[in-house]
Amino acid sequence: MIRQQLAEWVGQAARAAREAGALEFETLPEFDIETPRNPQFGDFAANLAMLLARQARRNPREVAEAICQHLPAESNAWVERVEVAGAGFLNFYLKPNWAGEVVRHILEQGARYGSLTLGAGKRVLIEFVSANPTGPLTLGHGRNAAVGDTLARLYEAAGYTVEREFYINDGENSTQIRNFALSVLTRYRQLLGEPAEMPEDGYHGEYVKEIAQSIREQHGDDFAQGDPETVLKRFEQIAKQQMLQEQARDLEDFGVRFDRWLSEQSLYDASKVQKTLNALRERGYAYEHEGALWLKSIAFGDEKDRVLVRANGMPTYLAADVAYHRDKYERGYDLIIDLWGADHHGYVARMKAAMAALGYDPNRLHILIYQLVNLFRGAEPVRMSKRAGEFITLREVMDEIGVDALRFFYLLRSHDSTLDIDIELAKEQSEKNPVFYVQYAHARICSIERTAAERGVAMPDPAATDLSVLTHEAEIALVKKLADLPDEIALAVQHDAPHRLTAYALDVARAFHGFYTECRVLGAEPALQAARLLLTQATRLTLARALSLLGVSAPQRMEREETV
RNA sequence: GCCCCCGUAGCUCAAUGGACAGAGCAGCGGCCUUCUAAGCCGUUGGUUGUGGGUUCGAGUCCCGCCGGGGGCGCCA
């Protein structure tokens, strides 16, 4: 709130200076209100003067002076003084009552604190995870789920209307589904004591045997005979369905829910793939060559053209995916976000090309690529899973280290960086573990509130409490951090960078722990105790909101297990 | 060969183009009769891989090179 307010005043001042003939410029550039690293440069700083210098044909410090002299009078309410400094920064020093205003504002907002109207109800579709129904969710899918879900929560907080969607790669004619069904069928036959050999490129994980086993339990030897093709089709359905249910369960337990599970096959059933291919042909961006149908993606910056329909008449995965994305555009979202693994990055250019070929604005499609996740146990890399063969499953790691720690670790780094997760560290209940650091701050606050209640100290009324007594360095540092939440949410959304929020939560926790050590709450003299109780409450609300956006719980208490 | 990501303190990583590049861990030294020490304070540690360029200002943007990871299918 304070940043927007300052930005508004600075903008007004620049225009007023122009009116008064003190400054020349055509259009007001986008400028920043930033928090200087060094507190001696004020509480906030504006960089407008530097950006305006060229247009105004004046040196930046003169421009800054001109802006400074035209700041609206109402800015006196919060601003104590403004200084022109450095290359032409406008440094704002706020009045002491500002901290109290922030606390009051947070308490008024309550659990909504941080919510924005930035999105103005615009509709966003986030498609993520979208794992193949041929195996359990892996460690990599977990990253996708954590990043996608928190991004969705952030967009919601920013005032967008968000839909979460899981795309099921279940095309009935696809080789992978067929192969998967064949693998399950082979295991099933082996269970019945028949000689059957796994296909060359079959699925070898333990889970395939589990599915075969469960089919046997439900259907006995019903599938021992019968038309092989019919049996295989049946296995496709059953195996796919079971896998999907397992994935949904894993996601549910991981705190991720989807609004829609959209099946690739349904696109074929509704002729959407065919219609999309026709549309591409009509627009002149699909052509026949050597018996196949090609997308002319070169025309839109891709490095080569891509096959849509194979020479054998079967559409490729791309064809269905183009139809799917066309469908997304047709549903009228303002923003479409996809979250893909790094191994799909080569796919971005062709998908954007396809959308451009269909006449849609490719900029409305954000495709985020997240990098690999490596698992360690201490210094030892973990590569194999018992259940899934060469993959480590989300379930295994989630069960071992817990949802809170795992979600937090997934969001600790930018999705652009490869991520190493150390199971030992994530399980460790110690100061090395960042999840506990944040949760502990929340638990400590709850503990203060419990103790206050035990001692009969009532939570003061914010309207009737003088908050101007909050002047300690640690109090001010904490308040500044708390005030940042709305901006952090805005930035996280603008940059599609959910990991910013973990960093923010850590910052708030750090500021609180500092405050906790420096400033005694209960037992301080009454006026100060009241103000600090309210500051504590505002901190709890802020931490709880940040944690909830991360999908991490905010515990009321934390007991440390005896380690010795 | 082409494409994507990364390269910042011993390690893992931050830093919407802004001021003196910051945290955590590891190391060293301190702080529990008072709201939870899963905490706090102090301290050591840097030519931001490298060479150019753009800019009032570059870790950040552009080009080249070096190193690490991933991808380049009528698989999905």
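The analysis underlying the following values was restricted to heavy atoms, covering all of them including side chains, and did not include hydrogens, waters or symmetry mates. Per chain, numbering begins at 1; letters A, B, ... match sequence-line order.
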Taking only the side-chain nitrogens and oxygens of [X], find out if one of them lies under 4.0 Å from OP1 or OP2 of [N].
{"X": "A:Arg444", "N": "B:A37", "result": "yes"}
{"X": "A:Ser417", "N": "B:A14", "result": "yes"}
{"X": "A:Arg500", "N": "B:U16", "result": "yes"}
{"X": "A:Tyr437", "N": "B:C40", "result": "yes"}
{"X": "A:Tyr347", "N": "B:A76", "result": "no"}

Scan [X] against the nucleic acid and name what it touches under 4.0 Å (heavy atoms): base, sugar-phosphate only, or nothing.
{"X": "A:His499", "result": "sugar-phosphate"}
{"X": "A:Arg520", "result": "base"}
{"X": "A:Cys519", "result": "base"}
{"X": "A:Leu372", "result": "sugar-phosphate"}

Side chain of [X]: nearest nucleotide among [options]?
{"X": "A:Glu303", "options": "B:C72, B:C35, B:G39", "answer": "B:C72"}
{"X": "A:His345", "options": "B:U16, B:G71, B:C74", "answer": "B:G71"}
{"X": "A:Lys304", "options": "B:U16, B:A19, B:G73", "answer": "B:G73"}
{"X": "A:Asp32", "options": "B:U16, B:C20, B:C5", "answer": "B:U16"}
{"X": "A:Arg510", "options": "B:C74, B:G24, B:G18", "answer": "B:G24"}
{"X": "A:Arg413", "options": "B:G18, B:G39, B:A14", "answer": "B:A14"}
{"X": "A:Phe436", "options": "B:C56, B:C35, B:A38", "answer": "B:A38"}
{"X": "A:Pro36", "options": "B:G39, B:A19, B:C35", "answer": "B:A19"}
{"X": "A:Ala292", "options": "B:G18, B:C74, B:C5", "answer": "B:C74"}
{"X": "A:His513", "options": "B:G39, B:A76, B:C5", "answer": "B:G39"}

Whole-angstrom distance between [N] and [M], as gauged at atom [atom1]:
{"N": "B:C2", "M": "B:G17", "atom1": "P", "answer": "29 Å"}
{"N": "B:G70", "M": "B:A58", "atom1": "P", "answer": "35 Å"}
{"N": "B:A9", "M": "B:A15", "atom1": "P", "answer": "15 Å"}
{"N": "B:C11", "M": "B:A26", "atom1": "C1'", "answer": "7 Å"}
{"N": "B:C66", "M": "B:U50", "atom1": "P", "answer": "15 Å"}

Residue matched to [N] through Watson-Crick or wobble contacts both under 3.5 angstrom:
{"N": "B:U43", "result": "B:G27"}
{"N": "B:G18", "result": "B:C56"}
{"N": "B:C2", "result": "B:G71"}

**Where the chi angle of B:C32 falls, syn if within 90° of 0 and anti if not** =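 Syn, since the glycosidic angle lies within 90° of 0.
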Review point. When the ring planes of A:Tyr347 and A:His344 are compared, do they come out parallel, tilted or perpendicular, using 30° and 60° as the limits?
Key: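 Because their plane-to-plane angle is over 60°, the rings of A:Tyr347 and A:His344 count as perpendicular.
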Relative to the ring of A:Tyr203, is the ring of A:Phe180 parallel (under 30°), tilted (30 to 60°) or perpendicular (over 60°)?
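Geometry flag for A:Tyr203 against A:Phe180: perpendicular rings.
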- Message: Between P on B:G57 and CZ on A:Arg61, what's the gap in Å once rounded to a whole number?
- Response: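 Rounded to the whole Å, the gap is 16 Å.
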Requested in this report: Starting from P on B:A76, measure out to CG on A:Asp321 and report it in whole angstrom.
Outcome: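 In whole Å, B:A76 P and A:Asp321 CG are 11 Å from each other.
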inquiry  = Using modelled atom types and a 3.5 Å cut-off, is there a donor and acceptor pairing between side-chain atoms of A:Arg61 and backbone atoms of A:Gly86?
reply    =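 A pair under 3.5 Å: yes.
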Report task. Decide whether A:Gln176 and A:Asn169 meet the rule of one side-chain donor and one side-chain acceptor closer than 3.5 Å. Result ->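 Their side chains do not contain a donor-acceptor pair, so the 3.5 Å distance test is not met.
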Handout entry: A:Glu34 or A:Leu419, whichever maps to the more 5' nucleotide of RNA chain B
Key =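 The residue mapped nearer the 5' terminus is A:Leu419.
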Using the side-chain contact (heavy atoms from CB on, under 4.5 Å) rule, take A:Phe408 and A:Val438 through it: C-alpha gap first, then chi angles, then the decisive distance, then the call.
-> CA-CA 10 Å; A:Phe408 200 91; A:Val438 178; 4.0 Å; yes
- Task: Could you give me the CA-CA distance, side-chain angles and deciding distance for A:Arg3 and A:Glu8, then say whether salt bridge (charged side-chain N to carboxylate O under 4.0 Å, His left out) is met?
- Result: CA-CA 8 Å; A:Arg3 262 176 236 263; A:Glu8 205 176 302; over 6 Å; no
Checklist line | Positive for side-chain contact (heavy atoms from CB on, under 4.5 Å) with A:Trp340, one of A:Val348, A:Leu368, A:Asn144 | finding: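 That would be A:Val348; it is the only one of A:Val348, A:Leu368, A:Asn144 passing the side-chain contact (heavy atoms from CB on, under 4.5 Å) with A:Trp340.
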Indicate, yes or no, whether a donor-acceptor pair under 3.5 Å links the base of B:G71 to the side chain of A:Asp343.
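When only heavy-atom distances are counted, A:Asp343 does not reach the base of B:G71 through any donor-acceptor pair under 3.5 Å.
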